[in-house]
Amino acid sequence: MPKKRKIFPKMNSKSLGRDISKYPYVEIEWVDIEGDDGWSTLSTLDKDKLPVAVSKGYLLSQRKGVTRIFRDYIKSKEGNTFEDIGSTVIIPTSVIVSIKKLNLN
């Protein structure tokens with residue numbers, strides 16, 4: 001697992017406004033927690049690996065150790081702007097393995 005985490009340049013969502021085309025669409029791979037309430041052995045637990053989750057969405061911000069994305073939005077009647085967002089994900093930046101910008105074509 002790489003130790004270097006890509007952090008996007010500082011973004012100010014207020015300055016981006018409600019123009020959806022200004023928000024980068026990203027794919028984030030991040031290390032998730034895994035647990036098991038069943039019986040196991042010490043050697044099995046010692047060999048277990050953490051799962052890597054993948055989330056995709058519009059990058060809202062990365063600040064104070066937290067990365068925020070949203071997947072859905074409601075279009076406004078003015079065209080390329082949006083009103084509300086949905087399907088939000090908040091990820092601790094410290095568990096991010098990789099983050100890359102995707103093209104929406």
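Sequence positions, counted from 1, serve as the residue numbers for this chain.
The nearest pair of heavy atoms linking G38 to D36 is N-OD1, 2.8 Å. Taking both residues in full, the closest heavy atoms of S87 and D72 are given as OG-OD2, 2.6 Å, listed atom of the first, atom of the second, then distance.
Counting heavy atoms from C-beta on, the side chains of I28 and T67 come closer than 4.5 Å. Looking at V26 and I69, their side chains come closer than 4.5 Å, going by heavy atoms from C-beta outward. Side-chain contact between S55 and E29: absent, with no pair of heavy atoms (C-beta onward) separated by less than 4.5 Å. With a 4.5 Å cut-off on side-chain heavy atoms, I91 and V66 do not count as touching. You'll find the side chain of L60 reaches within 4.5 Å of the side chain of Y23, heavy atoms only. Looking only at side-chain heavy atoms (C-beta outward), L50 and D32 stay at 4.5 Å or farther from each other. At a threshold of 4.5 Å between non-hydrogen side-chain atoms, the residues E27 and I99 do not count as touching.
Rounding to the nearest 0.5 Å gives a distance of 10.5 Å between CZ of R71 and NZ of K56. Of the inter-residue distances, the one linking R68 atom CZ with T88 atom OG1 reads 9.5 Å to the nearest 0.5 angstrom.
The closest side-chain donor-acceptor pair between T93 and Q62, if any, does not fall under 3.5 angstrom.
Applying ring pair (Phe, Tyr, Trp, His ring centres under 6.0 Å) to Y25 and the options Y58, F70, Y73 leaves one that passes, Y58.
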Stepwise side chain to side chain contact (heavy atoms under 4.5 Å, CB included) check, K75 with F82:
CA-CA 4 Å; K75 285 185 176 183; F82 62 97; 5.9 Å; no

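Note on I20 and L104: same hydrophobic cluster, where clusters join Ile, Leu, Val, Met, Phe, Trp and Tyr whose side-chain heavy atoms are under 4.5 Å apart, directly or indirectly.
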